[in-house]
Amino acid sequence: MNPQNACIVQRDFTILLETAHPQSDQARELIIPFAELVKSPPAFHTYKMTPLTLWSAAALGYSAEEILERLESVSRWNVPASLSQEVRGLIEKYGKLTLEPHDESGQFRLVSEDTELLTEIMSHKSLTAYQLCRLSNTELQVLGEYRGLLKQDLTRLGYPVMDLAGYKHGSPLSFTWRDKMNSLDGKGSKTFGLRDYQKEAASAFEGKDGFGGSGVLVLPCGAGKTIVGMAVMEKLQSEVLILTSNTTSVRQWIREIEQKTTIPAESIGEYSGHNKEVKPVTVATYQIMTHRKSKDSEFTHMKLFGERSWGLIVYDEVHLLPAPVFRATADIQATRRLGLTATLVREDGREEDVFSLIGPKRYELPWKELEQQGWIAEVDCKEVRVPMSDELKEAYMYAESRQKFRLASENPAKNKVVKRLLALHPNVPALIIGQYVGQLKAMAKELGVPLITGATSEQERLRLFTAFRQKEISTLVVSKVANFAVDLPDAALAIEVSGSFGSRQEEAQRLGRILRPKEGDNRAYFYTLVSEDSREQDFALKRQLFLIEQGYEYHVTGEREVASG
């Protein structure tokens, strides 16, 4: 017991962190590997341990004793004995069930030394469809076709499975890193070099003693997740299918692979709404994978999963993985699967499906740690409270719940604040990001700057993004199409004028647009504009949770303070 510590650990698995405590930052770093932030009022932040956060920690190598030691080191009072017992029980569950190969016919064994656990699993009515058969006291036979679905259901029932059944090698694809002098831009010297953390992430996916081969690598925006994906490809030397969020991202992957590896251009295919090429390296969009002619039709392009003997499937922005692709992923458990993301947060609560079907978290690098190393920019985050006019207040008062949020989001008074912020940061490459196209069109017109939305053609997007990178354009207004996979390394100012309710992942991705390292003081600025005394203000608190968990602080300010700088 130490009354001077920063946290209060409660028996209901919550941890209260006193934000003003001098040791709050150190305490946060100790608990975030196994707890997630759920509330962030000013005085105390509330973290929550769940079975999934504890199993993810176990997959990263944390033992129950290490977790409990960390809790004791940050807690003011003794950790409740009942909580310690439950933490040990949950951590013990990870690794208690293993899936192993059984014979050459593609069947598997579900193995556990706990014979009562296997008996309990056999008795579950929800698992009878999998035709489990008892081989011995410690083994159940599993048909190969049920490998993914069984893991998914067992995780939901509280029985995480460690999959040691192995993976097919896939068709070979031999390549190396390209020498910089011979790269497409003709610049640089020596061979391409990975940063230390990128090497660590790729090695963590590869794993040791048969534990690797599937899983998720969590790296901040701007950390080079594409490079890490290519590092895994280079280790495996096999054909690969890469799934990502949009056509812009597809082409960025292709460009990076062509520039940094010796894989010839004719071996790299784009599979999107524009092109349907299946090559040894194929980069496709999630949208094309989930396309179907009608609501009741089959998914037209799901056959891509079986088109070639892939040795690896990469899920870029894995937190966006659509439900239909989840189902296809359940069928391809014999293929190595790599998930890449800046945050494992899913607003639909399906993190457990990522855990069971893609694999556990293999590596995570805290955002602030990368900032301290100088690999990403230091960001000042501010929430600007914008008053509503009397006319808007009256409309807001009588509107329905959902309409209240939109009225507050599209508050016309935000336009004036945007102008002030742009004046406050002259000559800083800026992105104005929002949810509602009507609002963005009006703002772009008033500012006299280009607008990019979902309706903007790929050619026009490319032209505008290129002009921004080449400093021909200093400000862009962008819709949610810019949330993901937009490579604008010089962007140093982001102004968020509206968003998707309380989406934590969107907030993280938007801040990520300005994280690339900057010349000079390596500093960037993120402003989120929120209508004062509205539902938008409440949702903003939820949006900011993930970034607050990473150590970012939002300083709340008013319209007048912005005016004075």
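Only a predicted model underlies this, so the values are computations on that prediction, with no experimental measurement involved.
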Worksheet entry | Nearest-0.5 Å distance, CZ of residue R336 to CG of residue L312 | 8.0 Å

Worksheet item: Shortest non-hydrogen contact from S73 to N5?
Response: O-ND2, 3.2 Å

Worksheet item: Rounded to the nearest 0.5 Å, what separation is found between the CD atom of Q26 and the CD atom of Q23?
Response: 6.0 Å

Worksheet item: If you take all heavy atoms of T128 and K125, which pair is closest and at what distance?
Response: OG1-O, 2.9 Å

Worksheet item: Rounded to the nearest 0.5 Å, how far does CD1 of I91 lie from CG of L68?
Response: 8.5 Å

Worksheet item: Is the shortest side-chain N to carboxylate O distance from D25 to K368 below 4.0 Å?
Response: no

Item to complete: Determine, for K96 against E113, whether the closest basic-nitrogen to carboxylate-oxygen distance falls under 4.0 angstrom.
Response: no

Fill in: side-chain contact (heavy atoms from CB on, under 4.5 Å), paired with S249, selected from V283, I242, T244
T244

Practice prompt. Measure across N78 and E72 and return the closest heavy-atom pair with its distance rounded to 0.1 Å.
Written response: CA-OE1, 4.2 Å

Discussion item. Would you say that Y197 contacts L370 through its side chain, given a criterion of any heavy-atom pair below 4.5 Å between the two side chains?
Written reply: yes

Item to complete: Of all the heavy-atom pairs spanning K199 and L194, show the shortest one and how long it is.
Response: CE-O, 3.5 Å

Discussion item. Would Y159 and E120 count as a side chain to side chain donor-acceptor pair (under 3.5 Å) here? Give the steps.
Written reply: CA-CA 11 Å; Y159 308 120; E120 187 176 343; 2.5 Å; yes

Worksheet item: Just by modelled atom types, is the G215 backbone N or O under 3.5 Å from a matching donor or acceptor in the R337 side chain?
Response: no

Worksheet item: What residue among T46, I548, L16 forms side-chain contact (heavy atoms from CB on, under 4.5 Å) with K39?
Response: T46

Worksheet item: Between T282 and R308, does any side-chain donor sit less than 3.5 Å from a side-chain acceptor?
Response: no

Worksheet item: Checking side chain to side chain donor-acceptor pair (under 3.5 Å) for the pair S203/Y363: CA distance, chi angles, key distance, verdict?
Response: CA-CA 9 Å; S203 296; Y363 183 86; over 6 Å; no

Discussion item. Please check this pair: side chain of D114 against backbone of E116, looking for a donor-acceptor N/O pair closer than 3.5 Å.
Written reply: yes

Worksheet item: Just wondering, do L143 and F108 contact through their side chains at under 4.5 Å, heavy atoms?
Response: no

Discussion item. Could you work out, with side chain to side chain donor-acceptor pair (under 3.5 Å) as the rule, every residue matching T335, not counting sequence neighbours?
Written reply: none

Worksheet item: Which class fits the ring pair F539 and F501: parallel under 30°, tilted 30 to 60°, perpendicular over 60°?
Response: perpendicular

Worksheet, complete the sentence: Value for SG (C221) from CG (L515), rounded to nearest 0.5 Å, stands at 6.0 Å

Discussion item. Strictly below 4.0 Å, N to O, side chains only: are R251 and E270 in salt-bridge contact?
Written reply: yes

Practice prompt. Determine the minimum heavy-atom distance between A508 and T343, stating which atoms define it.
Written response: CB-CG2, 4.2 Å

Worksheet item: Under a 4.0 Å N-O cut-off, is there an ion pair linking D316 with K225?
Response: no

Worksheet item: If you measure only the distance, is there a donor-acceptor pair under 3.5 Å linking the side chains of Q107 and Q141?
Response: yes

Fill in: Donor-acceptor contact below 3.5 Å, side chain E369 vs main chain L365
no

Worksheet item: With a distance cut-off below 6.0 Å to the six-membered ring centre and an angular limit of 45° from the axis, does R147 pair with Y167 as a cation-pi contact?
Response: yes

Worksheet item: So, does S267 use its side chain to make a donor-acceptor pair with the main chain of I263 at under 3.5 Å?
Response: no

Item to complete: Would you check if there is a donor-acceptor pair between the side chains of S356 and Q152 at a distance under 3.5 Å?
Response: no

Discussion item. Checking the side chain of Q237 only, and the main-chain atoms of E234 only, is there a donor and an acceptor separated by less than 3.5 Å?
Written reply: yes

Worksheet entry | Under 3.5 Å: donor-acceptor pair, side chain of Q198, backbone of A223 | yes

Worksheet item: Do the non-hydrogen side-chain atoms of K542 and Q544 ever get within less than 4.5 Å of each other?
Response: no

Practice prompt. Mark yes or no for whether R178, through its side chain, and T261, through its backbone, hold a donor-acceptor pair below 3.5 Å.
Written response: yes

Practice prompt. Would you name the heavy atoms of H45 and R28 that are closest together and state the gap between them?
Written response: ND1-NH2, 4.3 Å

Worksheet item: T98 and E100: side-chain donor and acceptor closer than 3.5 Å?
Response: yes

Fill in: Ring geometry between H301 and H291 (parallel below 30°, tilted from 30 to 60°, perpendicular above 60°)
tilted

Item to complete: For R513 and Q509, test the side chains for any donor-to-acceptor distance below 3.5 angstrom and give the result as yes or no.
Response: yes

Fill in: N246 side chain vs T285 backbone, donor-acceptor pair below 3.5 Å
no

Fill in: Donor-acceptor under 3.5 Å (E549 side chain, L37 main chain)
yes

Worksheet entry | Charged N-O contact under 4.0 Å between K361 and E364 | yes

Discussion item. Does this structure show an ion pair linking R292 with E298, if we count only N-O contacts that are shorter than 4.0 Å?
Written reply: no

Worksheet entry | Electrostatic pair R109-E139, nearest N-O below 4.0 angstrom | yes

Worksheet item: Going from CD on E351 to OG1 on T50, what distance comes out if it is rounded to the nearest 0.5 angstrom?
Response: 8.5 Å

Fill in: Flag if over 12 foreign heavy atoms under 6.0 Å of NE2, H274
yes

Worksheet item: For S500 and E506, does a side-chain donor sit closer than 3.5 Å to a side-chain acceptor?
Response: yes

Response to the item:
One should read off an interatomic distance between K93 NZ and M162 CE, to the nearest 0.5 angstrom, of 15.0 Å

Worksheet item: Do the side chain of K48 and the main chain of D12 share a donor and acceptor less than 3.5 angstrom apart?
Response: yes

Discussion item. Pairing donors with acceptors under 3.5 angstrom, does anything connect the side chains of T53 and S56?
Written reply: no

Worksheet item: Under the ring-ring contact (aromatic ring centres under 6.0 Å, His included) criterion, do W367 and F546 qualify, and how do the steps go?
Response: CA-CA 11 Å; W367 294 42; F546 174 78; 5.7 Å; yes

Item to complete: List in chain and number order the residues that pass side chain to side chain donor-acceptor pair (under 3.5 Å) with E92, two or more places apart in sequence or in another chain; answer none if no residue qualifies.
Response: none

Worksheet item: Mind checking whether V142 and L132 have side chains closer than 4.5 Å, heavy atoms only?
Response: yes

Worksheet item: F205 and L217: side chain to side chain contact (heavy atoms under 4.5 Å, CB included), yes or no, with the steps?
Response: CA-CA 7 Å; F205 175 80; L217 305 178; 4.2 Å; yes

